[in-house]
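Below is one structure; the comments refer to it alone.
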Amino acid sequence: MKNNFYITTTLPYVNSDPHIGFALEIVQADTIARYKRLMGSQVFFSTGTDEHGQKILEASLTSGEDVQVYVDRYAGQFRKLKDALGLSNDTFVRTTDKHHEIAAQEIWKRCSKKGDIYKKVYSGNYCVGCEAFKTEKDLDETGHCLIHPHLEIKVLNEENYFFRFSKYQEKLLEYLSVSGVILPDWRRNEAINFVKGGLEDFSISREKERLSWGIPVPDDDSQVMYVWFDALTNYISTLGWPEDIDGKFKKFWEDGEVVQMAGKDQVRFQSLMWQAMLMSADIKNTDQVVYHGFINSGGQKMSKSLGNVINPL
């Protein structure tokens, strides 16, 4: 068993106050981190905030605040969870941190050098709640997102950069073939079935003219990074990658056991998209992703965009 243990939560959006759905995840991660420390492991436990994207820009405009002031204020609310819940996290990463921006641009450059990034004009159904384009199978019979049925789908037509997700179909199946790489195991079967259904390349940028709030795409001032491509990089930027001056990336990612916690709606992002990005950048894959369920409120998923939430503070 590896003695170096790295565990992360996902990064919640700072488009409103924390809610107990995320508190569930961060307490689960904290429990595992404490257990591993008691068993003698060297542990690094990371959490933080996701601060770019359409939802956050729109929320700041509605509030009348400058977007940086807005995200600073809400990041402060999420920082309060450490004392409120008695957490033992070692770091708190923000996607607006300069070192994270450098890391996100570096992974972009590595994927591009591999020939896995290209530009094309695209028209598609876009859910602002998910910050993602949706295929027909992702929509209900009324044309609404299955995860955010209360939001109207937008049809976007623009020129973006795309990641060659389809190139990694076989490699992802090989990665997913290992028992325990996803818990619970039936979520692993869900991921395998999704890959076998065929992977489509996905958009990884937005036109700056339409969405200015994001990390600039290297060598193209007209585009900013798609929020997921940016945010997923936090799992290694928080360890000091790519410079790794303090050696945390080598110690905990390369030479350690890497575990990510995530909600059940994250399988495609955490165990497929992120893993393909790592493969493209020639970085070790996550050892295990542990998926949890939702806390329901009034028969629906507890969601900040629905407003049916309870603040853990």
Side-chain angles (χ1 to χ4, degrees), residues 10-17 48-79 92-112 116-134 145 147-148 151-163 201-238 269 273-274 277 304-305:
T10 52
L11 298 189
Y13 275 126
V14 291
N15 59 330
S16 65
D17 286 322
T49 44
D50 182 358
E51 302 180 16
H52 290 124
Q54 188 76 28
K55 279 195 293 188
I56 289 168
L57 181 61
E58 290 180 359
S60 71
L61 291 172
T62 300
S63 73
E65 285 183 296
D66 173 81
V67 65
Q68 186 64 58
V69 173
Y70 179 89
V71 297
D72 287 347
R73 178 162 61 86
Y74 277 112
Q77 293 299 307
F78 280 90
R79 281 189 187 273
F92 187 95
V93 61
R94 297 179 58 184
T95 58
T96 53
D97 290 339
K98 186 61 182 177
H99 78 270
H100 173 78
E101 179 179 325
I102 291 168
Q105 290 179 326
E106 176 62 22
I107 200 167
W108 179 290
K109 291 173 185 175
R110 293 191 183 195
C111 294
S112 181
D116 291 340
I117 294 177
Y118 64 96
K119 202 173 188 181
K120 75 170 183 177
V121 176
Y122 181 78
S123 179
N125 297 314
Y126 187 78
C127 172
V128 173
C130 292
E131 297 271 13
F133 282 102
K134 298 289 178 175
C145 172
I147 300 170
H148 298 95
L151 297 177
E152 292 299 321
I153 289 291
K154 296 183 178 180
V155 177
L156 297 183
N157 185 8
E158 62 182 40
E159 187 175 38
N160 298 143
Y161 286 96
F162 278 71
F163 177 77
D201 297 349
F202 59 86
S203 171
I204 57 170
S205 75
R206 299 290 180 265
E207 291 179 351
K208 191 173 182 179
E209 189 176 325
R210 183 178 69 80
L211 176 62
S212 58
W213 185 240
I215 293 177
V217 165
D219 304 318
D220 189 343
D221 292 338
S222 70
Q223 302 267 324
V224 297
M225 287 187 198
Y226 166 55
V227 64
W228 281 102
F229 194 94
D230 148 23
L232 289 167
T233 310
N234 93 86
Y235 300 122
I236 55 177
S237 72
T238 191
F269 298 103
M273 290 164 60
W274 172 230
M277 287 167 59
K304 287 182 286 188
S305 54

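Just so it is clear, the structure is predicted and the values come from calculations on it, not from any experiment.
- Shortest non-hydrogen contact noted between I153 and C127 is CD1-CB, 3.9 Å.
- Residues Q223 and E207 are in side-chain contact: their nearest non-hydrogen atoms beyond the backbone lie under 4.5 Å apart.
- Atoms OG and CD1, from S237 and I102 in turn, are 10.5 Å apart once rounded to the nearest 0.5 Å.
- If you take NE2 on H52 and OH on Y13, they are separated by 11.5 Å, rounding to the nearest 0.5 Å.
- No donor-acceptor contact under 3.5 angstrom links the side chains of E51 and T95, judged on distance only.
- Here the closest heavy-atom approach between residue I117 and residue C111 is recorded as CD1-CB, 3.8 Å.
- If you run ring-ring contact (aromatic ring centres under 6.0 Å, His included) between Y161 and each of F229, Y226, W108, only W108 comes through.
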Exercise for review: For the pair Y74 and D17, evaluate side chain to side chain contact (heavy atoms under 4.5 Å, CB included) and give the outcome as yes or no after the intermediate values.
Suggested key: CA-CA 7 Å; Y74 277 112; D17 286 322; 3.3 Å; yes
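- Across P12 and F78, no two heavy atoms sit closer than the pair CG-CE2, 3.4 Å.
- Distance alone, capped at 3.5 Å, places no donor-acceptor pair between the S112 side chain and the K109 backbone.
- Exactly one of D72, T238, D50 qualifies for a side chain to side chain donor-acceptor pair (under 3.5 Å) with R94. That residue is D72.
- Put simply, the side chain of F202 reaches to within 4.5 Å of the side chain of M273, judged on heavy atoms.
- With no hydrogens or angles considered, no side-chain donor-acceptor pair links N15 and Y70 at under 3.5 Å.
- Within a 6.0 Å radius of NZ in K120, more than 12 heavy atoms belonging to other residues, nucleotides or ligands are found.
- Between T233 and I107 the shortest side-chain heavy-atom distance falls below 4.5 Å.
- T62 places a side-chain N or O within 3.5 Å of a backbone atom of E58 that can act as its donor or acceptor partner.
- For W274 and F269, the ring centers sit 6.0 Å or farther from each other.
- Note: S60 OG to E65 CD = 8.0 Å, rounded to the nearest 0.5 Å.
- Contact check for E101 versus D230: no side-chain heavy atoms found under the 4.5 Å cut-off.
- Between W213 and V71, some side-chain heavy-atom pair lies under the 4.5 Å cut-off.
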Check your understanding: Would I204 and F162 count as a side chain to side chain contact (heavy atoms under 4.5 Å, CB included) if you check the C-alpha gap in whole Å, the side-chain angles of each, and the deciding distance to 0.1 Å?
Key -> CA-CA 5 Å; I204 57 170; F162 278 71; 5.7 Å; no
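- Residues D201 and Y118 have side chains in contact (heavy-atom distance under 4.5 Å, counting atoms from C-beta outward).
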Exercise for review: Could you go through the side chain to side chain contact (heavy atoms under 4.5 Å, CB included) check for R206 and Q54 one step at a time?
Suggested key: CA-CA 10 Å; R206 299 290 180 265; Q54 188 76 28; over 6 Å; no
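- No donor-acceptor pair closer than 3.5 Å links the side chain of N160 to the backbone N or O of S203.
- The two residues Q105 and P216 make their nearest non-hydrogen contact at NE2-O, 3.0 Å.
- Taking 4.5 Å as the limit, every side-chain heavy atom of Y122 sits out of range of all side-chain heavy atoms of E158.
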Practice item. Dump the intermediate steps for side chain to side chain contact (heavy atoms under 4.5 Å, CB included) on N234 and H100, then the final yes or no. Key: CA-CA 7 Å; N234 93 86; H100 173 78; 4.0 Å; yes
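- Put simply, the side chain of V224 does not reach to within 4.5 Å of the side chain of I215, judged on heavy atoms.
- Checked by atom type and distance alone, the side chain of D220 pairs as donor or acceptor with a backbone atom of S222 at under 3.5 Å.
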